[in-house]
Structure formats: C-alpha cells, structure tokens
2 protein chains.
Amino acid sequence: MPLTAYLPKEPTMIRLTLDEARTLSLSILRHAGFSEAQAQAVTATVVAGERDGCASHGLYRVLGCVSSLKAGKVVADAEPEVIDQAPSIVRVDARGGFSQLAFQAGLPVLADKARTNGIAALAINRCVHFSALWVEIEQLTELGLVALACNPSHAWVAPAGGSKPIFGTNPIAFGWPRAGKHPFIFDFATSAIARGDIELHRRAGKPIPEGWGIDASGQPSTSAEAVMNGAMLTFGGHKGSALAAMVELIAGPLIGDLTSAESLAYDAGSKSSPYHGELIIALDPQRFLGAAADAHLARAEALFDGIEGQGARLPSQRRYDARAGSLADGVQIPQALYDDLNALLN
Amino acid sequence: MPLTAYLPKEPTMIRLTLDEARTLSLSILRHAGFSEAQAQAVTATVVAGERDGCASHGLYRVLGCVSSLKAGKVVADAEPEVIDQAPSIVRVDARGGFSQLAFQAGLPVLADKARTNGIAALAINRCVHFSALWVEIEQLTELGLVALACNPSHAWVAPAGGSKPIFGTNPIAFGWPRAGKHPFIFDFATSAIARGDIELHRRAGKPIPEGWGIDASGQPSTSAEAVMNGAMLTFGGHKGSALAAMVELIAGPLIGDLTSAESLAYDAGSKSSPYHGELIIALDPQRFLGAAADAHLARAEALFDGIEGQGARLPSQRRYDARAGSLADGVQIPQALYDDLNALLN
C-alpha cells in the first residue's frame with residue numbers, strides 16, 4: 001500500500017516519542033528476520049526521516065523493508081564487505097543488504113581517505129536502496145567534510161526530447177559543514193516531481209500540473225494515471241535531463257553497478273526497493289585550504305547571509321524546523337500506518 | 001561592444017579556415033602584449049569555440065581579452081604556478097592570467113593523480129575566466145577520464161525565493177569518455193538563460209520570456225532592460241538555485257577563491273572577464289573498475305543508445321555537427337567582427 005493511502009484528508013494521527021518510533025521500527029525489523037546490524041542501520045534512517053518531517057522516508061518505509069524481504073529482494077543478514085579499491089576510492093559490497101549498513105561500514109574509510117588525500121569516493125555496490133541521501137550527507141558534514149552523493153533508481157523518467165522512461169528519479173544531494181550551525185544540505189530528485197506525488201494525485205482523482213510527465217504516446221498529459229503508464233519528465237528541461245544522465249553514469253557503470261533500466265528489470269514487477277549502487281564523494285576543506293580554512297569558510301557564511309538576508313530560505317530549513325519540533329514533542333503518524341506497522345509484529 | 005552587435009538580421013559573413021582563425025587570434029594577442037604561452041592557450045580555446053559553432057565563446061572573445069588587458073584586469077605574461085596541495089589535489093595559481101594556461105599547467109598533474117588515486121581535484125586560483133568548460137572537459141575525456149567542472153562568475157542571478165543577485169551564471173560541465181566516439185559532454189549555466197541572450201533581446205527591443213528574470217523590485221518581468229538592472233533567475237526553480245549555491249561554495253571558498261559577488265566587486269564596473277577560481281574533478285574508470293572497466297563502459301553505451309534510439313539528442317550533438325562542418329569548410333564570422341579584430345593589429 002503506498003504512503004498516500006495513509007494520508008486521507010483528515011487522518012487520525014498518533015503521537016510517538018522518537019524512542020518509541022525507534023523501538024517500533026527495530027522490533028518489526030528484528031521480527032521480520034533482519035540481523036541486528038541491518039535493523040539498527042535502517043531504523044536510524046527511518047527515524048531521522050520521520051523526525052525531520054519527511055514522512056515518505058520515515059516509518060512508512062519499514063513496511064517496504066519487510067515486503068522486500070518477503071519478495072526475496074533483500075538479504076536479511078547481509079554483512080557489507082569493505083574493499084580498499086584505490087588510495088582515494090573505497091568500495092563497499094552491500095551483498096544484497098540495505099544501503100544504510102553499507103554506508104556505515106564505508107563512512108570511516110571514506111572520511112579517512114578524504115582527510116589524507118583531499119578528495120575521495122565511496123562506491124556502494126549491490127545494495128537495496130530507499131534512503132534519503134541527506135541522512136548520509138549529514139554524517140559527512142558532521143565530520144567537517146563537504147559531500148556530494150547520487151544514485152539511480154528505477155527507469156520511470158524520459159530524457160528531454162524523448163518519450164520513453166530510461167532514467168530513474170536520480171537524486172543528487174550536497175552538503176557543506178557550518179561551524180555551530182546546521183549544515184547547508186540539499187537533496188532533490190532530478191525528476192520534475194517525486195513519483196509519490198503523482199500517485200497522490202492519481203488516488204485523489206486530481207489532474208497533475210503540466211510538465212510533470214507525458215503519456216505512453218509521448219504527449220504531455222495532466223492525467224496522473226496516463227503519466228504513471230507513460231513517463232515522468234526531468235526538472236529543468238534539457239539541463240535536468242543531462243544531470244539525470246550523469247547520475248546514471250557515475251552511480252551506475254562507473255562504479256560497476258546497475259542503471260535505472262537494469263534495476264527496474266531486476267525488480268521484475270515485485271515493486272520492491274530499487275537494487276543498485278550509490279556514489280558518494282567527500283572533499284576536505286582543511287586539505288584544500290590548510291591554515292586558511294577558517295577564513296575561507298567564513299566567506300561561505302557571507303553567502304548564506306546574503307541568501308537569507310533577502311528573505312530566501314536555505315534548502316534544508318524546513319527539515320531543521322521539523323526536527324526541532326520532533327525533538328521537543330515527538331512525531332505524529334497516521335493511525336492506519338501505526339496499525340499496519342504493529343500488524344507486522346504478529 | 002557585445003557580440004550581439006555583430007549579429008544583425010543579415011550580417012555579411014566572412015569565411016576563415018581554422019588555421020586562419022588561429023593565426024588571426026594569435027597575431028592580435030601577441031600584438032596586444034600577451035606572452036606566447038598565454039596567447040597560444042587562449043587561441044586554442046577560442047578557435048575550438050568558433051569551430052564548434054559557439055560564437056559567444058569564439059573569436060569574439062579576443063576583443064574581450066585585449067580590453068581586459070587595457071583595463072588592467074589580466075596579467076599579460078602570467079606564468080601559472082603548480083602546487084602539489086595533497087595526494088589528490090593539485091592547485092594552480094594562475095597569477096592573474098587567463099584560466100586556459102593555468103588549466104594546461106595543471107592538467108597532466110590532475111590526470112596523474114586521478115590515475116594513481118582514482119579521483120582527484122584541480123583547483124585553479126586567481127584566474128581571469130571566460131572559457132567554455134567543455135573545452136577543458138574534453139581534454140580530460142580524451143585521457144579516458146570522467147570529469148566534472150564548475151566556476152562562479154559575476155553576481156547577476158537571484159536565489160529562488162529572493163530578489164537580489166548573489167549567484168553567478170555558474171556553469172556546470174560533465175564529461176564521459178566513449179571509445180571511438182565523441183565524448184558525452186554537457187555544459188550549462190545554472191541561470192535560466194545566458195546573460196548574452198537577454199542582451200540580445202534588449203538590443204532587438206523584444207520582450208523576454210517569463211522565468212528569465214525579475215526587475216529591481218523583485219517582480220517577474222519580461223523587459224530585458226528591467227531584468228538586466230534587476231536579477232536573472234536560475235533554471236529549474238529551487239533545484240537550480242541549490243546547484244548555483246553549490247558552485248559558489250565548491251569553486252569559491254572551498255578552493256580559497258572569490259564568490260560571484262566578490263568577483264563582481266573586484267571588477268568595479270570595468271566589465272572585464274570575471275576573475276575568480278575554478279574546480280575540476282577527475283575520476284578514472286580504470287581505477288574504479290579494474291579489469292571489468294570495458295564491460296561496464298559498454299553498459300554506458302546501452303544508456304546512450306536508449307536515449308538516441310527514442311529520437312532524443314545527446315547534449316553535445318549540435319557542437320559535434322558544427323565541428324564536422326568547420327573541419328571541412330572552415331568557420332564564418334561577421335564582417336564587422338572581422339574588421340574590429342583586424343583593427344587591433346594596428
């Protein structure tokens with residue numbers, strides 16, 4: 001059942017503390033048969049998503065983890081293998097487990113390589129992927145590193161000038177550490193809109209705005225149903241399309257992993273989380289700038305002040321606001337979702 | 001005089017062989033007082049621009065080189081200094097000369113570091129910059145490397161949700177090598193449109209499309225004049241704006257160089273080429289993939305086939321078509337531009 005099914009106009013909501021949310025996720029994943037390490041890693045990210053007001057990357061995802069396991073599309077006790085590929089490349093073979101544990105395994109090696117060499121890459125292979133990238137980016141900014149991440153997904157998006165889906169929603173995320181402040185982080189799909197938003201319109205019987213997609217014959221369409229059977233479009237026309245292609249290349253063949261078309265073929269209709277790779281690049285300002293780092297990072301603050309000073313928002317502000325609320329008051333999820341989650345404990 | 005002044009509806013055109021174009025550029029730059037190395041490096045890129053049908057990065061730019069020198073905004077005989085900053089970082093101090101010679105100086109070190117470590121960065125500092133990034137990207141793909149480049153420019157573009165210019169047109173370019181074929185390369189401004197296109201509409205007295213910019217009071221405007229005195233907008237709304245901010249950060253403070261606002265302030269109204277830095281990242285597929293590289297690069301070809309097979313174009317196709325024509329028949333430039341160029345030889 002898609003998340004949107006849990007979001008009628010006036011859903012009954014239930015409030016959970018973050019600890020309760022964590023315990024609920026952990027209990028379900030353990031009960032489903034995931035190893036403790038996989039369950040802990042997944043739980044950390046879904047609770048972060050719920051905490052930051054990203055319900056589509058929150059507790060709802062636990063349902064998908066369990067159904068992916070039942071569909072045989074994820075390895076419940078996968079232990080990631082860390083491979084020292086080159087002085088500035090670490091590879092992690094997720095061995096069919098979730099990306100989160102693979103990322104955790106690779107993170108200290110990536111950070112070490114970035115600090116030693118100035119720039120380094122982490123390639124995660126053979127992972128089941130549903131994580132928001134900002135969760136990972138933020139762990140790099142907490143270490144004082146600048147970070148860039150991307151991954152393919154499933155082939156739902158047509159290239160500019162084309163009519164057939166070949167790209168995934170292919171998110172790109174970037175993070176910049178800020179002393180004493182939340183990091184500057186953005187994380188967006190290179191598709192015009194998230195697939196879940198089109199599904200939301202379909203369920204509500206509402207037309208979608210022009211520019212989101214085309215029907216199976218390649219014509220622009222405002223029918224959610226027609227676009228889901230046709231193709232989504234990229235954001236920003238040919239420029240967004242070029243970026244989507246870049247993500248396919250650098251987080252696909254460059255790291256020896258699947259493109260979105262190959263990942264969709266592998267899924268074979270099971271509607272599980274995509275199985276593919278992920279590329280993360282980390283850059284160390286201290287290594288670029290040496291003793292002058294603090295002075296130059298202060299100039300970045302002037303840029304942020306210039307953006308916020310004219311009333312524009314920094315990309316993650318809404319998430320940080322939600323976080324402050326959740327840390328104080330916990331999170332709210334629809335009662336129906338809470339019930340379905342609890343049903344997995346039986 | 002802007003390029004657009006040379007482009008009336010039916011300009012008289014003059015045809016030059018690529019050798020003639022090269023000789024013309026070299027002669028003018030030498031006559032103006034540039035060192036042989038600076039003159040050669042600039043000439044290579046302006047002839048490449050003219051050859052590939054990018055008139056705005058072609059011979060026209062030689063005029064700007066000479067006027068920048070007269071304005072005291074470029075060092076005629078600058079010798080770039082190459083600094084081995086870290087195992088995966090090379091810095092080149094352009095010492096106030098053009099970016100092209102600095103790039104040439106750093107290129108072999110960047111390639112060597114990428115091949116040794118898998119990923120590496122070239123930071124060019126204190127350069128006068130007017131080059132199209134694809135010219136540099138292509139030199140990296142010719143070495144079998146994947147490449148990503150970006151730079152700030154002058155603060156002409158407002159952030160999403162804001163009204164005051166703070167970003168440059170901040171181009172992002174990417175290249176992917178293809179065996180026996182032209183590389184996959186894109187190179188686009190993160191602004192909705194090039195500033196020159198707005199100038200073109202202003203001179204023609206034509207309204208500009210909505211979405212290109214806002215007036216000085218922050219209101220959407222279709223007046224080219226009002227937008228040039230207000231602010232341009234980014235492509236793709238908040239996503240393009242986020243990318244523009246990323247370029248400011250990683251090709252500005254991260255490499256110890258100017259933001260677009262700082263570069264515009266340095267210009268102090270002289271309308272010279274922007275003075276700032278540039279970041280280039282190179283990744284070596286052989287180092288990521290080892291013996292499996294050829295097999296994985298073949299899967300990238302399947303992606304390109306999937307794009308072209310549905311009638312969509314790859315980003316640089318127009319340039320490659322123009323190149324084929326220019327190599328056979330030479331290039332054509334407006335007679336008036338040719339006359340102005342030759343006047344610089346007196």
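A note on names: the letters A, B, ... follow the listed sequences, proteins ahead of strands, and every chain is numbered from 1.
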Requested in this report: Side chain from CB out, backbone as N, CA, C, O: work out which of these in B:Ala293 comes under 4.5 Å of a heavy atom of chain A, or both, or neither.
Outcome: neither

Query raised in the report: Quick one: side chain to side chain contact (heavy atoms under 4.5 Å, CB included) partners of A:Leu297, sequence neighbours excluded?
Result: A:Trp176, A:Pro285

Query raised in the report: Quick one: what part of B:Ala121 sits under 4.5 Å from any heavy atom of chain A, side chain, backbone, both or neither?
Result: both

Report task. Measure across A:Gln310 and B:Lys164 and return the closest heavy-atom pair with its distance rounded to 0.1 Å. Result -> OE1-N, 2.7 Å

Query - Side chain, backbone, both or neither of B:Ile185 within contact of chain A (heavy atoms, under 4.5 Å) - result: neither

Report summary line: Nearest heavy-atom contact between B:Ile255 and A:Leu289 is C-CD2, 3.7 Å

Requested in this report: Among the options B:Gly309, B:Ala242, B:Pro253, pick out the one with the most heavy-atom pairs lying under 4.5 Å from chain A.
Outcome: B:Pro253

Query raised in the report: Of all heavy-atom pairs between A:Ala300 and B:Leu249, which one has the smallest distance, and what is that distance?
Result: CB-CD2, 3.6 Å

Report task. Working to the nearest 0.5 Å, report the span between CD1 of A:Ile166 and CG of B:Leu303. Result -> 5.0 Å

Query raised in the report: Between atom OG1 of B:Thr190 and atom NZ of A:Lys239, what is the distance when rounded to the nearest 0.5 Å?
Result: 7.5 Å

**Report entry** Which portion of A:Ala192 sits near chain B, non-hydrogen atoms under 4.5 angstrom
**Finding:** backbone

Query raised in the report: From A:Ile250 CD1 over to B:Ile281 CD1, what is the distance, rounded to the nearest 0.5 angstrom?
Result: 9.5 Å

Query raised in the report: Would you say B:Arg287 and A:Pro87 make side-chain contact, with heavy atoms under 4.5 Å?
Result: yes

Query raised in the report: CG/B:Leu314 to OG/A:Ser241 distance, rounded to the nearest 0.5 angstrom?
Result: 9.5 Å

Report task. Indicate the atoms forming the closest heavy-atom contact of B:Thr259 with A:Arg299, along with that distance. Result -> N-NH1, 4.0 Å

Requested in this report: Measure the CD1-CD distance between A:Ile119 and B:Gln85 for me, rounded to the nearest 0.5 Å.
Outcome: 13.0 Å

Query raised in the report: Are there more than 12 heavy atoms of other residues, nucleotides or ligands under 6.0 Å from atom CD of A:Glu210?
Result: no

**Report entry** All ring pair (Phe, Tyr, Trp, His ring centres under 6.0 Å) counterparts of B:Phe288, not counting sequence neighbours
**Finding:** none

**Report entry** Contacts of residues 152-161 of chain A with chain B (heavy atom under 4.5 Å)
**Finding:** A:Pro159, A:Ala160, A:Gly161

**Report entry** Where B:Gly162 and A:Ala312 come nearest, the two heavy atoms and their spacing
**Finding:** N-CB, 3.8 Å

Query - B:Leu243 and A:Phe186, any side-chain heavy atoms less than 4.5 Å apart - result: yes

Query raised in the report: Rounded to the nearest 0.5 Å, what separation is found between the CE atom of B:Met246 and the CG atom of A:Leu148?
Result: 6.0 Å

Report summary line: Residues passing the ring pair (Phe, Tyr, Trp, His ring centres under 6.0 Å) test with B:Phe235, sequence neighbours excluded, are A:Phe235, B:Phe188

Query - Heavy-atom pairs under 4.5 Å with chain A, option from B:Glu248, B:Glu308, B:Glu262 with the top count - result: B:Glu262

**Report entry** Residue among A:Leu254, A:Ile172, A:Asp257 with most heavy-atom pairs under 4.5 Å to chain B
**Finding:** A:Leu254

Requested in this report: Among A:Ala123, A:Gly118, A:Ser88, A:Gly236, single out the residue with the greatest number of heavy-atom pairs under 4.5 Å to chain B.
Outcome: A:Ser88

Query raised in the report: What residue, out of A:Lys113, A:His238, A:His296, has the most heavy-atom pairs lying under 4.5 Å from chain B?
Result: A:His296

